Every structure is written in structure tokens, then in C-alpha cells.
Colleague: 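Once you've had a glance at the structure underneath, I'll fire off some questions.
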Number of protein chains: 4
Amino acid sequence: MRVKDDTKVNTIFEATTKLTSELGLSRLTMSSIAKKAKMACGTLYIYFDSKEQLLNELYKHLLISGTLSLLPSIQHLPLKKQFFVIWSNVLKFRVSNSCEVIFMHQFRYSSFVSEETSNLDKQFLNFIKDLLDQGKEELIIKNMDNCLLVPLLYGYANTLARQMAIDKVVLTDAIIEQSFHVCWDAIKS
Amino acid sequence: MRVKDDTKVNTIFEATTKLTSELGLSRLTMSSIAKKAKMACGTLYIYFDSKEQLLNELYKHLLISGTLSLLPSIQHLPLKKQFFVIWSNVLKFRVSNSCEVIFMHQFRYSSFVSEETSNLDKQFLNFIKDLLDQGKEELIIKNMDNCLLVPLLYGYANTLARQMAIDKVVLTDAIIEQSFHVCWDAIKS
Amino acid sequence: MRVKDDTKVNTIFEATTKLTSELGLSRLTMSSIAKKAKMACGTLYIYFDSKEQLLNELYKHLLISGTLSLLPSIQHLPLKKQFFVIWSNVLKFRVSNSCEVIFMHQFRYSSFVSEETSNLDKQFLNFIKDLLDQGKEELIIKNMDNCLLVPLLYGYANTLARQMAIDKVVLTDAIIEQSFHVCWDAIKS
Amino acid sequence: MRVKDDTKVNTIFEATTKLTSELGLSRLTMSSIAKKAKMACGTLYIYFDSKEQLLNELYKHLLISGTLSLLPSIQHLPLKKQFFVIWSNVLKFRVSNSCEVIFMHQFRYSSFVSEETSNLDKQFLNFIKDLLDQGKEELIIKNMDNCLLVPLLYGYANTLARQMAIDKVVLTDAIIEQSFHVCWDAIKS
DNA sequence: TATGAATGAGCCTTCATTCAT
DNA sequence: CATGAATGAAGGCTCATTCAT
């Protein structure tokens with residue numbers, strides 16, 4: 001991906017997420033993206049090597065801007081607070097970016113996912129794992145294998161956000177708090 | 001006259017699940033299924049009208065045999081016990097049928113899902129919702145909107161089972177109990 | 001074509017003409033014929049070697065029973081009378097056998113027509129040509145190359161009959177006489 | 001950028017008519033057209049939405065250029081003269097475009113004909129009907145239902161042209177005049 | 001850099017024919 | 001004779017990618 005024109009890349013990204021949420025990943029074609037982005041089919045190949053790369057770049061972009069970017073700034077907070085901030089941010093981002101969430105959801109289990117993207121996904125999971133390990137030491141979190149705890153957080157967040165995107169639910173503080181309450185009860189010691 | 005062979009549908013189903021878990025749904029072609037099932041391409045169309053129908057029938061078959069079929073038999077049990085039996089069975093089925101789980105996971109969010117299949121999915125969800133409502137009346141379950149509780153159970157089960165399928169984890173009673181414990185803490189009042 | 005069961009051959013012929021007039025020759029499949037004739041697909045191949053042969057046999061059967069069979073008996077009549085009888089019979093047969101006419105029409109210009117069938121068609125044309133030649137000698141018919149006269153008779157009969165089959169016109173004596181009048185004026189000296 | 005080539009449609013049309021006259025409509029495949037036209041299979045779909053559309057467009061093109069286009073310019077001529085001009089032009093066009101005539105003939109009774117094409121066909125027939133009606137008022141044409149007169153003109157023209165195409169007859173003025181003479185005698189009062 | 005016409009491998013599906021029963 | 005499940009070659013069409021302009 002050449003960084004020749006950032007606006008164009010964004011236009012392509014927006015067209016891709018919108019189309020995916022409208023038609024589904026399986027009906028997403030390069031020419032439909034080009035059409036939606038009001039450019040020629042070949043132009044896409046100036047910015048991306050292939051369809052696979054385009055989708056992976058988009059996923060990475062969304063993962064970083066929607067999740068990973070907010071992790072570093074909260075490491076000084078107490079553990080439960082950290083979880084709450086992450087939970088709250090993840091939920092807020094996802095609900096206010098429903099097209100993006102639908103894209104991420106469809107992409108995550110597709111055959112397009114590259115090794116590299118898969119690793120990026122794990123970065124976030126590792127951050128969560130570290131947090132959980134820390135919580136176990138502080139005797140706050142259930143002393144249980146992470147592979148039993150992580151799927152709960154991950155699966156709940158994804159499923160909840162996706163459902164809310166589909167149902168077009170407006171995210172209130174009450175929903176954030178209640179859902180976090182459920183989460184926390186699940187993992188707390 | 002060659003008798004219409006009932007095993008053939010099963011052969012097709014097995015070939016389909018195996019191929020999906022090997023290559024992914026997007027690379028699953030009718031001719032690859034035929035090849036894997038050691039029959040001609042056209043034979044598939046004797047048993048199914050289309051690729052879409054084949055996949056939907058397979059999904060329905062797996063959903064019923066893996067989940068729905070055990071629901072009626074447990075309605076006399078106390079609530080928590082019912083949840084445990086369902087949880088335990090869902091997990092057991094999924095872990096011992098990893099190809100099937102991967103297929104179900106990929107299919108569920110694909111563009112192949114028919115209206116009818118979607119409704120069958122909702123049947124199971126409704127059963128869970130009824131159970132939750134009953135629990136709320138008994139003051140055992142958190143008095144919270146079902147749309148906050150269901151995604152937890154649904155998302156956790158799917159994500160956990162998928163992860164275990166990928167990691168080829170052997171399901172022990174300890175894992176079943178621990179994961180159920182997590183679940184129950186999440187939803188209990 | 002084995003002559004094992006004449007009833008069956010007729011059943012097959014009827015199914016074929018009906019289906020062709022309902023769906024068109026291009027949608028006529030061997031299995032649809034079998035289904036309509038209430039027999040198995042393979043049974044058709046006991047009576048006919050191939051689809052091509054079936055259709056050619058049917059065409060020949062219709063051509064003979066509807067046209068050629070009545071030619072020999074009228075050779076003693078005066079020329080104009082002969083033309084009238086042929087015209088009248090051709091028209092009557094075709095109008096009261098609209099499915100058959102539609103089949104013949106679609107088949108005649110299809111790629112199924114065999115050499116042999118094509119020759120049979122010419123037999124009828126030759127009979128007409130002989131009649132025309134005779135008429136020219138008697139100075140009754142225009143002294144003109146047959147290749148200019150025959151297409152008129154042939155084209156008019158086919159087109160008229162086909163149109164009447166489509167419009168479901170009831171054939172009256174008046175129509176027979178009027179159309180013959182048109183024909184005769186065209187070719188008479 | 002490669003400019004969308006207007007000749008390409010003509011190349012496709014020529015390939016299609018040639019192939020149809022060589023192999024018949026039923027053996028006409030999109031890939032055979034592409035091969036004959038020396039382009040890729042997919043290119044056909046840049047210019048036409050489907051095989052059906054391609055064939056209908058070609059038929060319409062031939063009908064308009066070969067028949068309909070000359071109708072408006074002759075309305076000031078006396079009736080018999082109009083008939084002669086039409087007859088003469090139709091014949092000339094058809095004889096010098098034998099592949100096209102064979103295509104039109106095969107296409108006209110195929111299952112590809114769209115509603116729209118069918119209507120275009122009727123336009124020409126209506127023009128002829130109007131001419132006949134006018135002739136009846138002038139007492140020049142037989143006072144007879146059009147559905148008896150039109151099939152003669154239509155059937156004769158098609159059958160004659162097709163036969164001449166097959167026999168590769170060279171069209172002389174004598175043939176035009178003689179065949180018109182036959183026609184006129186048929187319909188004149 | 002930008003365009004979009006052109007490419008062609010590959011997909012789903014059909015259907016004439018065969019063959020085991 | 002009769003059956004109809006099984007076959008597999010081919011057809012229409014799609015779409016990621018290339019390339020001439």
C-alpha cells in the first residue's frame with residue numbers, strides 16, 4: 001500500500017465498509033468498491049496490491065483506531081477501572097460505527113484474513129490476557145486458564161455489538177454499565 | 001434400479017464439513033464437494049436443489065442434532081441444572097465435532113443463510129430467553145433485558161467452542177464446570 | 001426404434017408434442033418427457049436410441065399421418081381440385097392438431113433434423129412440384145420456376161396454420177375457401 | 001485507457017450471425033461467439049448483459065436496418081408501388097445477407113425472443129396491415145380478413161429468402177419481379 | 001497517477017445418456 | 001422390459017486482475 005493520497009485510501013475504506021454492511025462480504029467485488037468510491041477499478045490497484053490486502057489493511061486500520069489505540073493511555077488506572085474503560089470504549093466505538101463492526105465481523109471469519117492480521121488480533125488478546133493475569137495476582141479475577149476467560153470477553157463484546165448494530169440500538173450509559181456488570185461478574189474472583 | 005442411497009446425504013454432509021474446515025466456506029465449491037464425496041457433480045443435485053439448499057440443510061441438521069434435539073427432555077429439571085445440561089451438551093457436541101463447528105460458524109454469518117434457517121436459530125434463542133425469564137421470576141437470574149444476557153451465552157459458547165476446535169483442546173469435566181461457572185456468575189442474580 | 005409396445009410410443013409422442021407446445025423445444029428435456037409420459041427416463045431409451053431420433057421419428061410420424069398419407073388417393077382428380085383437397089386437408093389437420101403443428105414448426109428449423117427427415121420433407125415438396133409442373137403443361141399454373149412457387153404454398157400454409165394455432169381460431173369452410181382462393185390466385189396462370 | 005470500441009459490437013454481431021448459420025442457434029454458445037470474434041468470453045458481457053440480450057439486440061438491429069428503416073420514406077408512393085418497394089427491399093436485403101436471414105429465422109421462433117422484440121416485429125406487421133386496409137378501401141386488395149393475407153406475405157418472404165440463402169441463389173430483377181407478381185396476384189382484388 | 005475495457009479461469013448448474021437393480 | 005440414480009461434459013456468467021491509453 002503506497003501512501004500517495006490518504007484521502008483516497010479513506011474513500012476506499014468507507015466504500016468498502018458501507019458495501020459490506022449493505023450487501024455482505026460475499027457480494028463485495030472490486031468493481032463495486034470502485035463504483036461506490038467513484039473511481040476506476042484499476043485505481044484500487046494503485047493503492048493496494050490485491051483485494052485481500054485491501055481488506056486486511058482496512059481491518060487493521062479499524063482494529064487499531066477502534067481498540068488498540070486506546071489501550072496504552074490507561075495503564076495507570078486500577079484494574080477494574082481499566083476493564084471498564086476498555087469495555088466502554090470498545091462498545092461506544094462499535095455502536096457508533098455499525099458498518100465497520102459488520103465489516104469486521106464478516107471479515108474476521110473469512111478466508112481473506114492474513115497471518116499478519118491474525119497476529120494483530122492476538123496483540124489485543126494478549127493485552128487482555130496480561131490484564132487478566134495481573135488481576136489473578138491481585139486475587140480480583142478468577143484463577144482460571146485465560147483460554148476460558150478471554151472467549152467470554154471477546155465473544156460477548158462481538159456478539160453484543162453486532163446485535164446492537166443490527167437492531168440499531170442507541171447505546172446509553174445504563175447499557176454500558178449493565179453489560180459491564182455482567183462481564184465483571186463472570187470474570188471476577 | 002439403483003436404490004436412492006440414504007448414506008449418500010451423510011457422505012455429502014461429511015465432505016462439506018471437512019472441506020469447509022480445511023479451506024473455508026469461500027473456497028467451498030460444488031465440484032470440490034463432489035470430488036471429496038467421490039461422486040459426480042450432478043449427483044449432488046439429485047439430493048439438493050442448489051448449493052444454498054445443501055448448506056442450509058446441513059446447518060439445520062447439525063443444529064438439530066447438536067442442540068435442539070436435547071432441549072425437550074430437560075424441562076422438568078431445576079433451572080440451573082437445565083442451564084448446565086444445555087451448556088455441557090452444547091460444549092461436548094461442539095468439541096467432538098470440530099469440523100462441524102467450524103462449518104456452522106462460517107455458515108452462520110454467510111450470505112447463504114435462508115429465512116427458514118434463520119428462524120430455526122431463533123427457536124433456540126427463544127428457548128434460552130424463556131429460561132432466562134423464568135429465572136428472573138424466581139429471582140435467580142439478573143433482572144436485565146434479555147438482549148444483554150443472550151449475547152453473553154451465545155457469544156461465549158461459540159467463541160469458546162471455536163477456539164477449542166482450532167486449538168484441538170480435549171474437553172474435560174473440569175473445563176465444562178469451570179466455563180459453566182463463569183457463565184453462571186455472569187447471569188445469576 | 002423397437003416396435004415392442006405401440007401404445008407406449010404414442011404416449012411418448014403425445015407427451016413430447018404437448019410439452020413442446022407448452023414450453024418450447026429448447027426447454028424440452030428427456031426427463032420432462034418421461035415425467036409427462038409417466039414413465040422412467042431410461043424407458044425412453046428402450047424405444048429410441050437418442051433424443052434426436054425420438055424427435056425425428058415423431059416429426060416423420062406427424063408428417064406422414066398429417067400430409068403424405070392423403071396424397072396418393074387424389075391423383076385421379078382434376079388439378080385444381082387436387083390442390084384444394086391438399087390445402088383443405090393440410091389446414092384441417094393442422095388446426096385440429098395445434099400442439100403437433102407447434103412441434104413441427106419448432107422442430108423443422110432446429111438442429112435436430114436428420115438427413116433422412118429432411119429428405120422426407122422433400123418428398124412432399126416434390127409431390128407439389130410435380131403437381132405444379134403438370135399445371136404448367138395444362139397452362140393453368142404460372143410458367144415460373146418452382147423455387148418461386150413452392151415457398152409461397154409452403155410458407156403460407158405453415159405461417160397461417162401456426163398463427164391460427166396461437167390465436168386458437170376455429171377453422172370454418174369460409175376460411176378454407178378464402179385462403180385457398182388467395183393461394184390459387186397466386187399460382188394460377 | 002482503452003477506449004470502448006464501437007466496432008466491437010459489430011464484430012460480435014458478425015460472429016454471431018456467421019456461427020448461427022454454420023452451426024444453428026442451438027449450438028451457439030457464448031464462448032464460441034467469443035472465440036469467433038477473437039475476444040475473451042467476459043468481453044461479451046461488457047457489451048451485453050446476457051446471451052438473451054445479445055441475440056435480441058442483434059435481431060432488432062437486423063430488423064431495423066433491413067426492413068423498418070425503409071418504411072417511412074415511401075408513404076407518398078401509390079399503393080402497389082409501395083408494396084413493390086418493400087418487397088424488393090426485403091428480398092434484396094435478405095439475399096445479400098444470408099447469414100443474417102438464417103439467424104433471424106432461427107431466432108424468431110426460439111425461446112430467446114423478448115417481449116420487446118416481439119413488439120418490434122408487430123410494428124412491421126402493423127405497417128403491412130395498414131397498407132392492406134388502405135388497399136381494401138381503394139378496392140385494389142381482396143376484401144378479406146388481414147389474418148388471412150398477412151401470413152401469405154410474411155410466410156412467402158421468409159420462406160423464399162431462406163430457401164434462396166440456402167441455395168445461394170443470385171437475386172436478379174427477374175426474380176424480384178416474378179415473385180412480386182405472385183404475391184400481388186394473391187392479394188389483389 | 002488514473003482510467004475502465006479486456007481477460008480468462010473457475011463457479012454453479014443442466015441434461016442426454018448409462019447402468020445396476 | 002422397466003426403473004431412476006448416477007454420470008460428467010459443457011454452458012452461461014462472474015470477477016480479480018492486467019494493461020493500453
Side-chain angles (χ1 to χ4, degrees), chain A residues 2 4-5 8 26-35 37-55 112, chain B residues 1-6 8 26-35 37-54, chain C residues 2 4-5 8 26-35 37-55 112, chain D residues 1-6 8 26-35 37-55 112:
Chain A
R2 293 174 227 177
K4 295 184 179 165
D5 187 343
K8 226 148 217 168
S26 70
R27 278 194 268 278
L28 183 78
T29 66
M30 288 301 265
S31 44
S32 71
I33 295 174
K35 201 177 167 189
K38 284 175 187 166
M39 56 183 73
C41 205
T43 309
L44 298 177
Y45 287 85
I46 293 169
Y47 295 93
F48 303 96
D49 290 340
S50 67
K51 185 183 183 184
E52 188 180 320
Q53 203 215 354
L54 190 163
L55 299 183
F112 291 111
Chain B
M1 178 192 99
R2 236 172 287 176
V3 177
K4 201 163 173 174
D5 194 348
D6 257 12
K8 223 145 223 163
S26 71
R27 277 194 267 275
L28 182 79
T29 67
M30 288 303 264
S31 47
S32 70
I33 295 174
K35 202 177 167 187
K38 284 175 188 168
M39 54 182 75
C41 217
T43 310
L44 298 176
Y45 289 85
I46 296 172
Y47 296 91
F48 302 97
D49 289 340
S50 65
K51 185 183 182 182
E52 185 180 324
Q53 205 217 349
L54 191 163
Chain C
R2 292 174 228 175
K4 294 186 178 163
D5 187 343
K8 226 147 217 167
S26 70
R27 278 193 268 278
L28 183 78
T29 67
M30 289 301 265
S31 44
S32 71
I33 295 174
K35 200 176 168 190
K38 284 175 187 167
M39 56 183 73
C41 204
T43 309
L44 298 176
Y45 287 84
I46 293 168
Y47 296 92
F48 303 96
D49 290 340
S50 66
K51 185 183 182 184
E52 189 181 320
Q53 202 215 355
L54 190 162
L55 299 183
F112 292 111
Chain D
M1 177 191 98
R2 234 173 287 179
V3 177
K4 201 162 173 174
D5 193 348
D6 257 12
K8 222 144 224 163
S26 71
R27 277 194 266 277
L28 183 78
T29 67
M30 288 302 264
S31 46
S32 71
I33 295 174
K35 202 176 167 187
K38 285 176 186 166
M39 55 182 76
C41 215
T43 309
L44 298 176
Y45 290 87
I46 294 172
Y47 295 91
F48 303 96
D49 289 340
S50 65
K51 184 182 183 183
E52 186 180 322
Q53 204 217 349
L54 190 163
L55 299 183
F112 291 111

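Small disclaimer: the values here were computed from a predicted structure and weren't measured. So that the names make sense, note that chain A is the first sequence line, chain B the second, and so on, each numbered from 1.
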Colleague: Using atom CG of A/Asp49 as one end and atom C1' of F/dT18 as the other, report the distance to the nearest whole Å.
Modeller: 13 Å

Colleague: C/Gln53 has an atom CD; how far is it from atom P of E/dT17, in whole Å?
Modeller: 11 Å

Colleague: Write down the distance between CD1 (D/Ile33) and C1' (F/dC13), rounded to a whole number of angstrom.
Modeller: 13 Å

Colleague: Establish, with yes or no, whether the OP1 or OP2 oxygen of F/dG4 is under 4.0 angstrom from a side-chain nitrogen or oxygen of C/Lys35.
Modeller: no

Colleague: Taking ring pair (Phe, Tyr, Trp, His ring centres under 6.0 Å) as the test, write out the residues that go with D/Phe48, two or more places apart.
Modeller: D/Phe13

Colleague: State the OH-NZ distance between B/Tyr47 and B/Lys8, to the nearest 0.5 angstrom.
Modeller: 5.0 Å

Colleague: If each of D/Ile46 and A/Lys38 is mapped to the nucleotide of DNA chain E with the nearest heavy atom, which maps nearer the 5' terminus, i.e. the 5' end?
Modeller: A/Lys38

Colleague: Please give me the minimum heavy-atom distance between C/Met39 and C/Thr43, naming the atom from each residue.
Modeller: SD-CG2, 3.9 Å

Colleague: Hey, what are the protein-to-nucleotides 8-11 of chain E N/O distances that come in under 3.5 Å?
Modeller:
{"residue": "E/dG8", "atom": "N7", "partner": "D/Gly42", "partner atom": "N", "Å": "3.4"}

Colleague: My understanding is that only residues two or more places apart in sequence, or in another chain, count here; which of them pass side chain to side chain contact (heavy atoms under 4.5 Å, CB included) with D/Ala34?
Modeller: D/Leu44

Colleague: B/Tyr47 side chain: which of E/dA2, F/dC13, F/dA6 is closest?
Modeller: F/dA6

Colleague: What integer distance in Å separates D/Glu52:CD from F/dC13:C1'?
Modeller: 14 Å

Colleague: Which part of the nucleic acid, if any, lies within contact of A/Lys8, taking any heavy atom under 4.0 Å across all strands shown: a base, the sugar-phosphate backbone alone, or nothing?
Modeller: sugar-phosphate

Colleague: Please enumerate all residues that pass side chain to side chain contact (heavy atoms under 4.5 Å, CB included) together with A/Ser26, with sequence neighbours excluded.
Modeller: B/Ser111

Colleague: In which ranges does DNA chain E form stems of 3 or more consecutive Watson-Crick or G-U pairs, distances under 3.5 Å?
Modeller: E:2-21 with F:2-21

Colleague: Quick one: closest heavy-atom pair of A/Phe112 and A/Glu52, and the distance?
Modeller: O-CG, 3.4 Å

Colleague: Do D/Ser50 and D/Gln53 come within less than 4.5 Å of each other through their side chains, counting heavy atoms only?
Modeller: yes

Colleague: Please name all residues satisfying side chain to side chain contact (heavy atoms under 4.5 Å, CB included) with B/Tyr45, sequence neighbours left out, ordered by chain then number.
Modeller: B/Met30

Colleague: Atom CG of B/Leu44 and atom C1' of F/dA5: how far apart are they, to the nearest Å?
Modeller: 13 Å

Colleague: So, does A/Tyr45 get its side chain near the phosphate of E/dT3, meaning an N or O under 4.0 Å from OP1 or OP2?
Modeller: no

